[in-house]
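Note that the structure is a prediction, hence the values are computed from the model and not measured. By convention in this document, chain letters (A, B, ...) are assigned in the order of the sequence lines, proteins followed by strands, and residues within each chain are numbered from 1.
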Amino acid sequence: MVATTNEVSVATGVKGTTTLLDIRNVAKSFGPNPVLRDISLQIAEGEFLTILGESGSGKTTLLRIIAGFESADAGEIWMAGERLDRQPPYRRRVNTVFQHYALFPHLTVAENVGYGLRVAKVAKDEIAARVEQALAMVKMAAFAQSKPAKISGGQQQRIALARALVNRPRLLLLDEPLSALDANLRRQMQVELKSLQREVGIAFVFVTHDQEEAMVMSDRIALLRLGELEQVASPREIYSRPATAYTAQFIGHTNLLRGEIKDGIARCSGLSWRTGFRDGPALFSLRPENIRLANAATASGVVRLRGKISRQAFHGATELLQLECAEGLMVSVRTATRENWQGELELEFSPADAVPVRESEERH
Amino acid sequence: MSACHRDFRASGWLPWHAVAVFAFLYLPIVTLIVYSFNGQGVGGFPPRNLTLDWYRMLFADDAIWQSVLNSLLVAVAAVTIALAFGIPAALALDRANFPGKAVFRRLVLLPLILPGIITGLSLLMLFREADVKLSLVTIILGHGTALISVATTEVFAGLQKLDRAQEEASLDLGANYWQTFWRVTIPNLRLSIIGAALLIFTLSMDEIAVSFFLIGRDNTLPLEIWGRLRRGITPEINAISSIIFVFSLVVIVIWYRLRVREGQPEIAAELGP
């Protein structure tokens, strides 16, 4: 059941059309170091948006600015027509799931989940009912009276989620909530988190450095690099149409081919193909799975290349080959597993799969 | 075989060594307690004619009980003053930035290191200058101010261990700064605060040097005992000392239990057997 809802979400992409959160030209420095530069980003109602980036990209800072734990040096944040960035964190209808959960050790699981409601002076009966409902939602009802120290990391994660969602926020922020879990539990939680998000219909802003996680869960990915947005798009779009060389390399695995376009012909390391892009120096991203063994039947409309196998890595269902081609060109090719790869191979790819990307400038 | 034998003999000394250390530490206390039951008074060995007379005498001795009450009053007041000033000072050290912070951090520790005589004498001179009449109030002020450093250091250590994300989580869940302080910060500091309170209480209860300078007409217990000792030891003193010892023991056990129950194994290991 869980798996099917996940499939559907990937197929439909961005759901809501109304903008919930509007981040306008936000900038932030710590001392002399700029951490965020001119970030503008809209998040739709009910959307699952992932802020993806390496450590030091500024993704956690952006999240903390939305939550209200840091203030932006410049720019504005609006939520549903109201200025958000001038309000203290406790007035924002935004809740956070912290990286290490930050559960209150002196309170039981039920008291942790009910904290926000108690502070808001909700009636006792209602608190009890909503806490029970929230615990049932994350399948933790049996642990209501436990102390956080007595439950496992995965369980603490669920409680942190319940504690945030019980307040019915407009927006839920998640700061690398899965990074402390081991690989199997992590994959399981990715699926659960995604289906939970569909169930409650609240917009999620999820911060991670793990591109696979981002691809599996998100409606859209905002890729952050050195404090600037590199690209914002759906996982499929960002994978198949990366805008920059950095994006192409960070999301998945790619070959970058450097060449030139002249009179509608792209030339690159002895290869050439017809292209509709404008003349000038060019950089192409070519995914390893888009290069295949040459097939006599498809001789026209493809680019052929020969290469000698220099390295081979077994990945289970597929195999990643490193080939040395003419003019020192190295390409990675992903193929179905086969026993013996040897010597030279004749390969081909469709020109449409060579996606032109912008150079990613060096910044410090 | 013979190697085993040698090992055994070598390790045979260690228990004896431990016994000697233990005896050195506890024999005086045991003697004190045993002689509080001795019918012959403080003289005579071995103790003979076990009796509760000294305790009876003690319970009839109003002057001693008055001094015990005075000491309790002073200790409770000193705890209150030290915590009331020490907790904000620790918070300032932990999270505020102000000029002279590094100096403040060192200076706040000074009264802890300073000999009691100096603290006592300087407070006495201050009260003289200010024309304050010496009484229990001056002792309370003396203990309270001298022990602020204990409260500050204990609570500061607790704050350093506190996960700041917890306070952020509280703000995030809708609690304002004040509510967060009472609902999250203080409960997390509970052990540090109780620890500081117990320590200050104990230090104040047996403090002599500072009290000696600031005493008015009402004696605290240590000064009462000290005054009586000048007229010769009576087993009544042993009796009150034994009661204080048992009382302290109970406090320590309660404190230890509390820490173990709150799941702080590193401290349990420190104090454990």
Side-chain angles (χ1 to χ4, degrees), chain A residues 60 63-64 66-70 87-108 111-122 127 131 134 146-150 156 159-169 171-177 180, chain B residues 83 87 90-91 94-99 101 154-155 157-197 254-269:
Chain A
T60 295
L63 199 77
R64 290 174 62 81
I66 301 173
F69 305 136
E70 307 277 356
Q87 292 178 4
Y90 51 88
R91 292 237 179 81
R92 303 185 184 199
R93 289 204 55 196
V94 171
N95 284 121
T96 307
V97 174
F98 291 81
Q99 187 169 11
H100 299 290
Y101 321 131
L103 297 179
F104 306 124
H106 58 291
L107 302 180
T108 64
E111 287 167 341
N112 262 282
V113 175
Y115 187 90
L117 301 176
R118 271 201 313 286
V119 170
K121 300 206 165 59
V122 173
I127 294 181
V131 165
S146 308
K147 284 282 175 76
K150 302 280 183 217
Q156 290 183 27
I159 299 307
L161 206 56
R163 184 178 69 173
L165 287 175
V166 78
N167 305 294
R168 297 175 186 153
L171 177 68
L172 187 74
L173 308 176
L174 303 102
D175 185 9
E176 306 213 26
Chain B
L83 287 179
I87 294 174
L91 283 167
D94 185 53
R95 41 195 68 177
N97 263 320
F98 49 90
K101 183 173 164 176
E154 279 279 308
V155 175
L159 279 169
Q160 297 272 292
K161 277 189 281 180
L162 174 68
D163 178 12
R164 293 299 282 275
Q166 272 187 45
E167 290 173 322
E168 286 179 351
S170 169
L171 293 170
D172 189 73
L173 292 167
N176 61 30
Y177 296 102
W178 189 240
Q179 289 169 318
T180 297
F181 179 73
W182 286 109
R183 287 171 179 267
V184 173
T185 315
I186 288 288
N188 268 293
L189 293 177
R190 212 182 63 142
L191 279 182
S192 306
I193 292 173
I194 295 175
I254 291 173
W255 167 230
Y256 174 67
R257 286 255 155 135
L258 204 65
R259 280 207 115 135
V260 171
R261 209 188 54 201
E262 303 259 332
Q264 299 213 347
E266 79 275 20
I267 288 151

Going by heavy atoms in the side chains, are [X] and [Y] under 4.5 Å from each other?
X	Y	result
B/Leu171	A/Tyr90	yes
B/Ser170	B/Phe181	no
A/Leu165	A/Leu172	yes
B/Leu162	B/Asp94	no

Does any heavy atom of chain B fall under 4.5 Å from the side chain of [X], the backbone, both, or neither of them?
X	result
A/Arg163	both
A/Lys150	neither
A/Asn167	side chain
A/Phe104	both
A/Leu117	neither
A/Val97	neither

Original post:
If you measure from CG on B/Leu159 to CG on B/Leu189, what distance do you get to the nearest 0.5 Å?
Top reply: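 Going from the CG atom of B/Leu159 to the CG atom of B/Leu189 covers 4.5 Å.
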Original post:
Looking at A/Val113, A/Asn112, A/Asn95, which hits side-chain contact (heavy atoms from CB on, under 4.5 Å) with A/Val166?
Top reply: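 For A/Val166, the side-chain contact (heavy atoms from CB on, under 4.5 Å) test succeeds with only one of A/Val113, A/Asn112, A/Asn95, which is A/Val113.
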Original post:
Measuring heavy-atom distances to chain A, does B/Arg164 have an atom under 4.5 Å in its side chain, in its backbone, in both, or in neither?
Top reply: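 Nothing of B/Arg164, per the 4.5 Å heavy-atom cut-off to chain A.
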